[in-house]
Amino acid sequence: MTTRITILLILLTTTALAQTKSVDTYFAQIRAGKYANVPAEVSKPELASGLLKSLSVYATDTLPTLRARAAGLVRTIGLQSKVQSVRTQAVQQLVAAAKDKDTGNAGVVLNHLTGFRKNDFSAAAKDSLYAYFQRKSGNINTLIRLLGYLNVQKAKDELFALSQDGAAGRKDRWAALLALSRMGDEQAINDVMNRVKRMPVSDALVYEVFPDLVYTRRREAFSYLLETLNSDAKNCESADPERPSRIPCAYRVMEMLAPAIGNYPLKLSDSGDVVTSDYPAALAQVREWFQVNKEFKILDDKY
């Protein structure tokens with residue numbers, strides 16, 4: 001028995017050293033300005049926890065490029081893991097990386113965090129994000145939306161004050177309204193919908209504002225989106241630059257609703273397009289599905 005334990009410890013130690021060497025080699029190449037392949041170990045779930053620990057060293061490197069690469073690998077490892085402790089560890093490391101003095105790096109890291117589920121964020125991670133918001137650090141727009149997604153209730157009063165502050169930037173006021181809407185504030189969602197309904201349905205509204213309505217996860221917003229889904233008005237441009245034509249905005253709405261509705265009848269590809277060879281048939285299928293499933297479930301566990 002003692003011999004088996006000794007062998008196991010040797011194997012574990014050897015594996016850990018191999019992980020560290022692989023990571024060190026990757027970052028040494030980047031530091032030297034060379035092209036570096038992502039370590040193969042990153043794709044191995046059983047090595048996830050050890051790799052995250054190895055990457056923590058580079059999260060505070062003096063070179064912004066290395067810190068950014070480290071955060072990118074932490075994101076990849078966390079998102080591909082099915083182990084809750086690993087995902088939580090990855091989020092905690094990314095939240096720490098969001099303090100990066102390089103505002104570009106910090107902004108990218110905050111966007112990384114939007115890919116994680118709510119239950120991946122510990123209470124400490126939420127508290128840290130709230131503290132960043134209080135310090136009025138950079139990338140405030142993304143930070144506000146994260147607070148709304150995570151339902152950080154202690155930020156509500158400050159978000160409301162920001163939403164009503166005429167001296168604040170327009171994007172920040174809008175983000176505050178969206179965050180409050182996501183957190184269940186009735187005044188905020190009413191304000192959002194009143195503003196949106198005054199705008200004509202067009203490419204600009206669909207691509208720039210409709211994703212914000214999906215973000216709120218509010219039934220009032222989804223009811224309005226369904227009006228466009230069921231409309232045949234050709235208010236949008238086709239995505240084909242070689243054959244421009246007017247098409248119903250319903251097709252874009254059909255795609256953006258997919259990640260936010262439970263048991264949605266269509267699947268999306270990795271690029272965000274509906275998996276279908278017949279878009280008109282897919283649209284008809286979705287319209288019929290909503291007719292049958294009027295009490296559809298809105299998914300709130302993702303950003």
Side-chain angles (χ1 to χ4, degrees), residues 71 75 78 90-196 199 204-205 207-222 224-225 256 259-260 298-303:
R75 171 188 178 272
V91 165
Q92 197 65 49
Q93 289 184 214
L94 288 173
V95 168
K99 291 188 299 184
D100 199 306
K101 58 186 177 182
D102 184 297
T103 56
N105 276 3
V108 170
V109 170
L110 288 173
N111 279 316
H112 287 342
L113 287 168
T114 65
F116 287 85
R117 298 188 298 258
K118 276 187 178 182
N119 63 353
D120 297 330
F121 291 79
S122 66
K126 295 177 187 179
D127 286 342
S128 293
L129 292 173
Y130 176 56
Y132 300 163
F133 169 66
Q134 286 187 305
R135 291 201 295 268
K136 302 296 187 292
S137 56
N139 304 289
I140 193 73
N141 194 282
T142 306
L143 188 52
I144 288 170
R145 292 170 190 247
L146 271 170
L147 293 176
Y149 162 53
L150 297 172
N151 196 25
V152 180
Q153 288 289 317
K154 58 186 174 183
K156 283 192 73 173
D157 289 344
E158 290 154 284
L159 289 172
F160 177 77
L162 176 60
S163 73
Q164 304 302 310
D165 184 359
R170 180 180 60 83
K171 289 185 177 180
D172 293 344
R173 296 199 308 272
W174 177 247
L177 280 175
L178 294 173
L180 288 167
S181 298
R182 182 72 179 255
M183 296 163 75
D185 188 280
E186 294 301 324
Q187 180 180 336
I189 190 60
N190 288 337
D191 195 349
V192 166
M193 296 313 302
N194 286 336
R195 296 185 188 200
V196 172
M199 305 177 194
L205 185 69
Y207 284 95
E208 296 175 20
V209 179
F210 277 13
D212 291 341
L213 296 185
V214 175
Y215 160 85
T216 68
R217 295 302 196 271
R218 293 296 296 268
R219 197 161 291 273
E220 300 95 322
F222 280 59
Y224 180 67
L225 291 171
M256 68 176 60
I298 299 174
L299 303 176
D300 190 44
D301 64 331
K302 296 181 180 179
Y303 182 86

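Residue numbers run from 1 in the order of the sequence given.
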Exercise. If you round to the nearest 0.5 Å, how far is CG of L110 from CG of L146?
Worked result: 6.0 Å

Exercise. Would you find a donor on one side and an acceptor on the other, under 3.5 Å apart, between the side chain of D165 and the backbone of R173?
Worked result: no

Exercise. Do other residues, nucleotides or ligands put more than 12 heavy atoms under 6.0 Å from N194 CG?
Worked result: yes

Exercise. In Å, rounded to the nearest 0.5 Å, how long is the span from CZ of R217 to CG of L178?
Worked result: 12.0 Å

For this session: Check S122 against Q92 and note the closest heavy-atom contact, atom names and distance.
Result: OG-OE1, 2.9 Å

Problem set entry | Minimal non-hydrogen separation, Y215 against A179, with atom names | OH-CA, 3.7 Å

Exercise. With a 4.5 Å limit on heavy-atom distance, are the side chains of L159 and F133 in contact?
Worked result: yes

Seminar exercise, completed: Note: A188 and S181 closest approach over all heavy atoms is C-OG, 3.4 Å

For this session: Answer yes or no: are there more than 12 heavy-atom neighbours, outside K154 itself, under 6.0 Å from its atom NZ?
Result: yes

Exercise. Counting N and O atoms only, with roles assigned by atom type, does the side chain of N139 sit under 3.5 Å from a partner on the main chain of T142, one being a donor and the other an acceptor?
Worked result: no

For this session: Report yes if some heavy atom in the side chain of L129 is under 4.5 Å from a heavy atom in the side chain of V152; otherwise report no.
Result: no

For this session: Answer yes or no: is there an ion pair linking D120 with K302, defined by an N-O contact shorter than 4.0 Å?
Result: no

Exercise. If you round to the nearest 0.5 Å, how far is CG of D172 from CG of L162?
Worked result: 6.0 Å

Exercise. Taking atom CD of Q153 and atom OH of Y130, what is their separation to the nearest 0.5 Å?
Worked result: 11.5 Å

Exercise. Should Y149 and T114 count as side-chain neighbours, where that means a heavy-atom distance under 4.5 Å?
Worked result: no

Exercise. Rounded to the nearest 0.5 Å, how far apart are CG of L180 and CD1 of I144?
Worked result: 9.5 Å

Problem set entry | Neighbour count above 12 (heavy atom, 6.0 Å) for K101 NZ | no

For this session: Compare all side-chain heavy atoms of D300 with those of R182 and state whether any distance is below 4.5 angstrom.
Result: yes

Problem set entry | Check: K171 main-chain N/O paired with N141 side-chain donor or acceptor under 3.5 Å | yes

Problem set entry | Contact summary for V109 and L94, nearest pair of heavy atoms | CG1-O, 3.0 Å

Seminar exercise, completed: Closest non-hydrogen atoms of A106 and D100, given as atom of the first, atom of the second and distance, are CB-O, 3.8 Å

Exercise. Of the non-hydrogen atoms in H112 and A71, which two are nearest, and what is the gap between them?
Worked result: CD2-O, 3.9 Å

Exercise. Would you call V192 and W174 a side-chain contact if the rule is heavy atoms closer than 4.5 Å?
Worked result: yes

Exercise. Does some side-chain heavy atom of R218 sit less than 4.5 Å from a side-chain heavy atom of E186?
Worked result: yes

Problem set entry | Pair E220, Y224: side-chain N/O donor-acceptor within cut-off below 3.5 Å | no

Problem set entry | Interatomic spacing from CG in D212 to CZ in R145 - rounded to 0.5 Å | 4.5 Å

